[in-house]
Protein chains: 2
Amino acid sequence: MVQQRRRGRPPKSDDGYSLTLQRLIREGVVALTEKGFVASGLEELLTRAQVPKGSFYYYFASKEAFGLVLIDAYASYFNAKLDRWLKDEKTEPVERLRNFIADACRGMERYGFRRGCLIGNLGQELVALPDAYRTALRDVLRGWEDRLTACLLPVDSVRARDWARFFWTGWEGAVLRARLERSAAPLRDFEDGFIRLIMAP
Amino acid sequence: MVQQRRRGRPPKSDDGYSLTLQRLIREGVVALTEKGFVASGLEELLTRAQVPKGSFYYYFASKEAFGLVLIDAYASYFNAKLDRWLKDEKTEPVERLRNFIADACRGMERYGFRRGCLIGNLGQELVALPDAYRTALRDVLRGWEDRLTACLLPVDSVRARDWARFFWTGWEGAVLRARLERSAAPLRDFEDGFIRLIMAP
DNA sequence: CATTTTATAGACCGATCGTCTTTTAAATTG
DNA sequence: CAATTTAAAAGACGATCGGTCTATAAAATG
């Protein structure tokens, strides 16, 4: 069947990710990891992204819709990062987790502990957010939980999921604490405790 | 010595806590535990507290100054709660912690998981907040750490402080997770893991 | 009644959000 | 190549709200 060409100007890129859109999403994710949703104003975002306001509302119906896209984008980015570390077959499971944590420490240091976890940030302001956000955020965390569970299965097949849940719960707290202290120490302290926990008989 | 009466209209109450002030602080703390600093608008707060806008700026120099007072008020409230549970001499140390957690679970359930931890909420939006807030929040957490350290000293005198640090780090995450899931399960899961950790040989 | 201090009232400005109309750009079709 | 069609950008605009400030009322003293 022959593809019937549409009349008129075609989209800049057919995958739905024009350069403008990419910049909006990139700057949006940065803003949310730093300040959360409410404190992130569109005006400042558009200035940073070098995108005029008119374009924003061409791509997104509202700030609310934009936020959901950002959650998705962040989840994709973070899931890729997790898969890279936690599925590294040539490394022992617990060591994979250690590698992920070391990478995260470097990441937080690189940005002077200004950037935290997008999911954690939005989670804290849940009451001020559109209702659909809660389930979206929850599901992202569950996705991380699944990935870590898979990684820990060889270590303790019975409790792998419990440990994974415990990890992400505590990790969000550790990221918060690291920002408060402007130090990666809370991340490493949590790492030590967690590994001691899952290694205990 | 006879109390010389001051000229002018006397304050409604001499302890510096007029009914108006009490209402402002009460509603302010509630707002911050629910939505954080930025998302908490003065307009709504004043409506709830039944205080006209003009009065607010009689009591506080700015929203920023107000926030610092709220952090203090919350810290006092929470420290009193901690002391009540963690210094309960007729109870075993670990059991004291369990009691505190059970109380916290009831608290979160009572408000339908709308209210979180004021310190955690503000910690997440640190970048959007006045600079003085960071150290204030950090010091409050250190105060909690001291209290739990004292409680855990009989259990493990060497590692008591490490465990206390670990607890508060993870606890902030657990509160966040509980709000996301609208369930106290994350709090109890964290409790289980933490106690297993400190009891391990 | 003038003075002093406490407390209230609400006007005011600027920022932000979201919409709307207009303009430009890039392709297709006859 | 001119007309047509759709994509994308540009930014003016109004409604709303947050935060601050000035003016006024209330309650006491001398």
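Per chain, numbering begins at 1; letters A, B, ... match sequence-line order.
Ring pair Tyr133(B)/Phe37(B) is perpendicular by interplanar angle, where above 60° counts as perpendicular and below 30° as parallel.
Note: Ile25(A) CD1 to Phe66(A) CZ = 7.0 Å, rounded to the nearest 0.5 Å.
In plain terms, the two heavy atoms of Asn121(A) and Thr33(A) that are nearest each other are ND2-O, 2.7 Å.
In this structure, CG of Leu21(B) is placed 13 Å from C1' of dT6(C), rounded to the nearest angstrom. To the nearest angstrom, P of dT8(C) lies 12 Å from CG of Leu46(B). Atom P of nucleotide dA8(D) and atom CZ of Phe60(A) are separated by 12 Å, given to the nearest angstrom. Atom OH of Tyr58(B) and atom C1' of dA25(D) are 14 Å apart (whole Å).
Rounded to 10 degrees, the angle separating the terminal helix axes of the helix from dC1(C)-dG30(D) to dG30(C)-dC1(D), each built from five base pairs, is 20°.
Within a 6.0 Å radius of NZ in Lys87(B), no more than 12 heavy atoms belonging to other residues, nucleotides or ligands are found. No more than 12 heavy atoms of other residues, nucleotides or ligands sit less than 6.0 Å from atom CD of Glu92(A). In the displayed structure, Arg48(B) atom CZ is contacted under 6.0 Å by at most 12 heavy atoms of other residues, nucleotides or ligands.
Contact annotation: Thr20(B) reaches the phosphate of dT8(C) (side-chain N/O to OP1 or OP2, under 4.0 Å).
By the 4.0 Å N-to-carboxylate-O rule, Glu109(B) lies close enough to Arg188(B) to be salt-bridged with it.
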- Task: Scan nucleotides 9-19 of chain C nucleotide by nucleotide, 5' to 3', and note B when protein non-hydrogen atoms come under 4.0 Å of the base, S if they reach only the sugar-phosphate, - if neither.
- Result: BBB-----BBB
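Between Phe167(A) and Phe190(A), the ring centre distance stays below 6.0 Å.
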